[in-house]
Amino acid sequence: MAEDYPDPPTNPPSLSATALQSKLDTGEPVRLLDVRDRDEYEQWRIRGESVTATQLPFAKFLQAKVTGEVDDVVADVDGTGPITVVCGRGEASAFVAGLLTEHDIEAQNLSDGMEGWARLYEAREIPCDDATVRQYRRPSSGCLGYMIVSDDSAAVIDPLRAFTDRYIADATDRDASLTHAIDTHVHADHVSGVRRLAEETDAEPILSERAVARGIDDMTTLADDEPLQVGSATLEPRPLPGHTTGMTGFTIGDVLLAGDSVFLDSVARPDLEAGADGARDLARELHRTLTDRLTALPDETLVAPGHYSESTTPADDGTFTATLGTLRNRLPGFTMDREAFVEYACDDMPPRPANFERIIAINLGTETADDDTAFRFELGPNNCAAAPSDAV
């Protein structure tokens, strides 16, 4: 049930999620005051190298209004400059931003709060000679998805259910029909949009035969050597197990859509399918993926991963991509021996994604969830990388 918050004493300026992301992208200093409870803040908050964030609960400002101690409370907010106030839905933060404004403190409200932040979805094009490749990013979780457009056909790879309408609109804007909806693997951090796209368009729902073997019976099975035709472009499947048994990337021209195998500053964690007991076996598969399966691709291959972290530096064109040669030199997994890599990948992993077991069940088709429930299940960081310092 929604809570009732008092009206702001002064109507404060607001900042949209899009405008906030623009500030983060350009490295502009951002001073945040998060008025959610401490546990909500610790679980999931806005991060960035230019962010200075302070958590002070909403109740503290209610009390400060009564006691006249607003200036004293604001003195506890780290950083300098304008304060952007954040809460869950933009209601409590509107009151606090208004209270600060009333006291001549430069403040603004993050409109729609963290829920609006979670609904931000942006796209850029990746250079590719064979087709138009759009990279979608969800800044609140670091999830990346892709649309391939060739002639009058389009395919979406790793779609999020929450953004089904966006994919349909983007295909329509490009005079293309969605012909394929593809998951690189059974996701643990977000609810897949493959089934929803298949329901609402003519897109064929596709998953690799190794992923389907986990008990899925309502998707088209794709063999490891079975290319997909999207208009005049060809998507070549690339088995890349390790994160899951069914993890499959795709090459289109000189671009590798890597899914959750290798990221720009880490590699995938191996414990979300088989748990801690099976993680070491999957880590060995991931080592083989890095040191064997990817050797067939040249250093010039442009890697487009399934996730990024707040510390990931984008390419000059703003996309989250890097050449395979760069990653071979950057990431230790490519040069470690197998058992040393297993220790690296398994011994110090971050917390698992929130609600990951429920999300996996929904994506397997063994559970259902309405849109609101599904959206709330996937709020927060995805934590699909192996090392805590690289968690995305």
Side-chain angles (χ1 to χ4, degrees), residues 13-34 41 44-54 78-86 90 93 97 106-128 132-147 158 160 162-163 166-167 169-170 173 189-190 255 257-258 263-266 302-323 326-327 330 378-385 389-392:
S14 64
L15 183 72
S16 69
T18 300
L20 174 59
Q21 185 58 54
S22 295
K23 291 177 180 291
L24 298 179
D25 285 342
T26 58
E28 182 177 339
V30 174
R31 187 186 185 195
L32 296 181
L33 167 60
D34 197 312
Y41 174 79
W44 177 46
R45 59 185 184 267
I46 296 170
R47 301 173 183 267
E49 296 203 359
S50 64
V51 170
T52 301
T54 303
D78 294 333
T80 59
I83 297 173
T84 299
V85 190
V86 181
S93 55
E106 190 175 2
Q108 56 195 356
N109 178 40
L110 181 64
S111 54
D112 300 319
M114 293 298 288
E115 183 162 325
W117 180 245
R119 294 191 184 280
L120 179 62
Y121 206 48
E122 299 185 329
R124 293 178 184 266
E125 289 193 6
I126 291 175
C128 179
T132 297
V133 181
R134 286 175 65 79
Q135 181 184 69
Y136 294 95
R137 67 161 172 162
R138 189 183 198 180
S140 65
S141 65
C143 286
L144 298 172
Y146 299 89
M147 176 180 283
D158 289 339
L160 281 65
F163 299 98
R166 172 68 180 274
Y167 307 125
D170 283 0
D173 287 347
D189 63 293
H190 67 262
V255 175
L257 306 176
F263 306 126
L264 302 190
D265 45 18
S266 187
L302 192 66
V303 176
H307 296 106
Y308 72 100
S309 75
E310 71 272 4
S311 62
T312 303
T313 302
D316 290 342
D317 62 3
T319 64
F320 289 90
T321 57
T323 65
T326 297
L327 298 185
R330 177 187 297 169
E378 61 191 31
L379 294 180
N382 63 72
N383 287 342
C384 286
S389 60
D390 299 326
V392 295

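Treat the numbers as computed from the prediction; the structure is a model and nothing was measured.
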Going by the rule side-chain hydrogen bond (donor to acceptor under 3.5 Å, both in side chains), which residues pair with [X] if we only count those two or more places apart in sequence or in a different chain?
X: D317; answer: T319
X: T54; answer: none
X: S140; answer: none
X: S111; answer: none

How many angstroms lie between atom [atom1] of [X] and atom [atom2] of [Y], to the nearest 0.5 angstrom?
X: L120; Y: E115; atom1: CG; atom2: CD; result: 13.5 Å
X: D78; Y: L32; atom1: CG; atom2: CG; result: 11.0 Å
X: S93; Y: Q108; atom1: OG; atom2: CD; result: 11.0 Å
X: N109; Y: L33; atom1: CG; atom2: CG; result: 10.5 Å

Point to revise | Under the ring pair (Phe, Tyr, Trp, His ring centres under 6.0 Å) test, residues paired with F320 that sit two or more places apart | key: Y308
Revision key, fill the gap. Contacts of Y136 meeting ring pair (Phe, Tyr, Trp, His ring centres under 6.0 Å) (sequence neighbours excluded), chain-then-number -> Y121, Y167
Exercise for review: Report yes if the side chains of V86 and W117 come closer than 4.5 Å at any heavy-atom pair, otherwise no.
Suggested key: no
Can you list everything that forms a salt bridge (Lys or Arg N to Asp or Glu O under 4.0 Å) with [X]? Sequence neighbours excluded, please.
X: R31; value: none
X: D112; value: none
X: R330; value: none
X: D34; value: R36

Review point. Do Y146 side-chain atoms and P305 backbone N/O form a donor-acceptor pair below 3.5 Å?
Key: yes
Exercise for review: Just do the side chain to side chain contact (heavy atoms under 4.5 Å, CB included) check on T321 and Q135 with the steps written out, would you?
Suggested key: CA-CA 10 Å; T321 57; Q135 181 184 69; 4.1 Å; yes
Measure across [X] and [Y] and return the closest heavy-atom pair with its distance rounded to 0.1 Å.
X: A107; Y: P13; answer: O-CD, 3.4 Å
X: A162; Y: E378; answer: CB-OE2, 4.0 Å
X: V303; Y: L264; answer: O-CD2, 4.3 Å
X: A118; Y: W44; answer: CB-CH2, 3.8 Å
X: V51; Y: I46; answer: CG1-O, 4.0 Å

Point to revise | E125: side-chain contact (heavy atoms from CB on, under 4.5 Å) partners, not counting sequence neighbours | key: T132, R134
Review point. With no hydrogens and no angle check, do the side chains of S311 and S309 hold a donor and an acceptor under 3.5 Å apart?
Key: yes
Review point. Taking atom types as modelled and ignoring hydrogens, do the side chains of D189 and S141 form a donor-acceptor contact shorter than 3.5 angstrom?
Key: no
Check your understanding: In this structure, which one of R138, H307, R137 forms a side-chain contact (heavy atoms from CB on, under 4.5 Å) with L144?
Key -> R137
Point to revise | Pair listing, salt bridge (charged side-chain N to carboxylate O under 4.0 Å, His left out) test, anchored in residues 14-23, at least two apart | key: K23-E28
